[in-house]
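Here's the structure, in C-alpha cells; my notes come after.
Naming convention: chains lettered A, B, ... in sequence-line order (proteins, then strands); numbering from 1 in each chain. Small disclaimer: the values here were computed from a predicted structure and weren't measured.
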There are 2 protein chains.
Amino acid sequence: MGYACLMAVDRDHVLRTAAALLTRKATATMDEVARAAGISRATLHRHFAGRDALVRALEALGIAECEAALDAARPDEGPAADAVRRLIRAIEPSAGLLAFLYTENQLFEGEQQNEGWSRIDARLAALFRRGQESGEFRIDLTPAWLTEALYGLLASGAWAVSEGRVARNDFTHMIAELLLGGAVRREEP
Amino acid sequence: MGYACLMAVDRDHVLRTAAALLTRKATATMDEVARAAGISRATLHRHFAGRDALVRALEALGIAECEAALDAARPDEGPAADAVRRLIRAIEPSAGLLAFLYTENQLFEGEQQNEGWSRIDARLAALFRRGQESGEFRIDLTPAWLTEALYGLLASGAWAVSEGRVARNDFTHMIAELLLGGAVRREEP
DNA sequence: CCATCATGAGACATCAACGTCTCACATGGG
DNA sequence: CCCATGTGAGACGTTGATGTCTCATGATGG
C-alpha cells in the first residue's frame with residue numbers, strides 16, 4: 001500500500017510549496033496554498049488539520065532545517081568567523097522559510113513557543129560567544145544581539161532577493177560579510 | 001470651534017498609540033486599536049475610514065519620520081560613517097513603526113507602493129554610495145543591500161528591544177556598530 | 001439655559017476565510 | 001472484473017472582523 005511513503009512525499013511537497021508561497025505572500029489563503037501545491041483544499045485539510053497546523057508544521061520544518069544547517073556547519077571547529085560563513089551558506093536555502101516564520105512568530109507571542117528556537121538561539125549565541133572568547137569578535141556586541149541580527153539579515157536578504165534588489169548568488173556573501181566585517185572598509189591585516 | 005486643532009491632536013495620538021500597539025501585535029483588531037487609544041471603535045472609524053486607511057496613515061507617518069530623520073542627520077556632511085550613526089540615532093524613535101511597516105508592506109505588493117519609500121531608499125543608497133566613493137565603505141556590499149540591511153537591522157533591533165533581549169539604551173550602538181564595523185574585532189588603526 | 005457637536009455604546013448586516021461534509025471519479029490492486 | 005482508497009469539486013454552516021447605522025449622553029460655546 002505504501003501509506004507512509006506516498007503521504008510523506010506529498011506532505012513534504014506541500015510543505016515546501018507552502019513555504020515558498022507564504023514567503024512571498026504571508027497572508028495567502030488555504031485555498032491559494034492548496035492550488036499552489038497542485039491539490040485541492042480538501043486534500044490540504046487531509047494533510048494538515050487547519051491553517052494553524054500548517055504553520056506549526058512549517059515551524060517544525062524551519063527548526064529542523066536550522067538545526068541541520070547548524071550540524072553541517074560544525075560551529076565548534078576552526079575560527080568562529082569561518083564557522084559563521086559555513087552556517088550562512090548552509091542555511092541559505094531555508095532563508096525564505098525563516099523570513100516567513102520570523103514575522104509569523106509574533107502571532108504566537110504570549111503562548112509558549114516551540115522550544116526548538118531556544119535550542120537554536122543557544123547554539124548561535126554559543127558560536128558568537130566562542131568567537132568573543134577567542135578574541136576574534138568584538139565584545140561590545142552581545143551574542144544575543146548578534147543572533148537576532150543574523151535572523152534579521154537572513155530575512156532581509158531573502159526578501160531582497162525575492163524582490164530582485166539583490167542577486168541570489170550574492171546572498172551568502174552579502175550577509176556574511178556585513179555581519180562579520182560591516183560596511184566600513186578595512187585595512188588589509 | 002477649533003476643528004482642525006482638536007482633530008489633529010487626537011488623530012496624531014491615535015496614530016502613535018496604534019503604531020505602538022501594532023508594533024507589538026501586528027494582527028491587532030480595530031477594536032483593540034481603539035481601546036488602546038482610549039476611544040471607541042466608532043470614533044476610530046470617524047478618524048480613519050477603515051483598517052486600510054489606518055495602515056496607510058501609519059505608512060505616511062513612517063515615511064514622514066524617516067524623511068525628517070534623514071533631514072536631521074545631514075547625510076551629506078562629514079564622514080559617511082558619522083552620518084550613518086546620526087541617522088540611526090535620529091531614526092531610533094521610529095524603529096518600532098518601521099518594523100511594523102516593514103512586515104506589513106508585503107500586503108501592498110503588486111499594487112503601486114507609496115513613492116515615499118523610493119525617495120527614502122534613494123537617499124539611503126546615496127549615502128552609502130558616497131561612503132564608497134570616498135573610500136570609507138567597502139565596495140563589495142552594494143548600496144541597495146546596505147539599505148535593505150539597515151531596514152532589517154532596525155526591525156530586528158526594535159523587536160529585540162521590545163522582547164527584552166537587548167537593552168533599549170544599546171539600540172543605537174548595536175545597530176550602528178554592527179552595520180558599520182561588523183562582528184569581527186578590528187585592530188586599532 | 002439652550003443648541004450644537006463629538007463621543008460612546010451597541011445593534012446590525014456584510015464578508016471573507018475557515019472547517020466539515022457529501023458525492024462522484026479514477027486509479028490501482030486483487 | 002470488482003472493490004477500495006485517495007482525490008477533486010463543491011455545498012454548507014460557523015466564526016471573527018469589518019463597516020455602517022442609530023441613539024443617548026456629556027461637554028462646550030453662545
(request) Write down the distance between CG (A/Leu22) and P (C/dA17), rounded to a whole number of angstrom. (result) 14 Å
(message) Any carboxylate oxygen within less than 4.0 angstrom of a Lys/Arg side-chain nitrogen, looking at A/Glu136 and B/Arg185?
(response) no
Could you go through nucleotides 13-21 of chain D and list every protein N or O atom that sits under 3.5 Å from one of its N or O atoms, giving the distance for each pair?
unit_1, atom_1, unit_2, atom_2, d
D/dT18, OP1, B/Arg51, NH1, 3.2
D/dT18, OP2, B/Met30, N, 2.9
D/dG19, OP2, B/His45, NE2, 3.2
D/dG19, OP2, B/Arg51, N, 3.3
D/dG19, N7, B/Arg41, NH1, 3.1
D/dG19, O6, B/Arg41, NH2, 3.2

(message) Between C1' on C/dA9 and CG on B/Leu44, what's the gap in Å once rounded to a whole number?
(response) 15 Å
(request) Using atom CG of A/Leu54 as one end and atom P of C/dC18 as the other, report the distance to the nearest whole Å. (result) 10 Å
(request) Figure out the CD1/P separation between A/Ile39 and D/dA9, and round it to whole Å. (result) 11 Å
(message) Check the orientation of A/Phe137 and A/Phe128. Use parallel for under 30°, tilted for 30 to 60°, and perpendicular for over 60°.
(response) tilted
(request) Please determine if A/Lys25 and A/Glu32 form a salt bridge, counting it only when a charged side-chain N lies under 4.0 Å from a carboxylate O. (result) yes
(message) Is it true that, when you exclude A/Arg123 itself, more than 12 heavy atoms of the residues, nucleotides or ligands shown sit nearer than 6.0 Å to its CZ?
(response) yes
(message) Please report the distance, rounded to the nearest Å, between CG in B/Asp10 and C1' in C/dA6.
(response) 10 Å
(message) If only side-chain N and O atoms count, and only distance matters, is there a donor-acceptor pair under 3.5 Å linking A/Thr172 with A/Glu92?
(response) yes
(request) State whether A/Arg86 and A/Asp82 are salt-bridged, where the test is any N-O pair (Lys NZ or Arg NE/NH1/NH2 against Asp/Glu carboxylate O) under 4.0 Å. (result) no
(request) Respond yes when some side-chain nitrogen or oxygen of B/Thr43 is under 4.0 Å from OP1 or OP2 of C/dG8, and no when none is. (result) yes
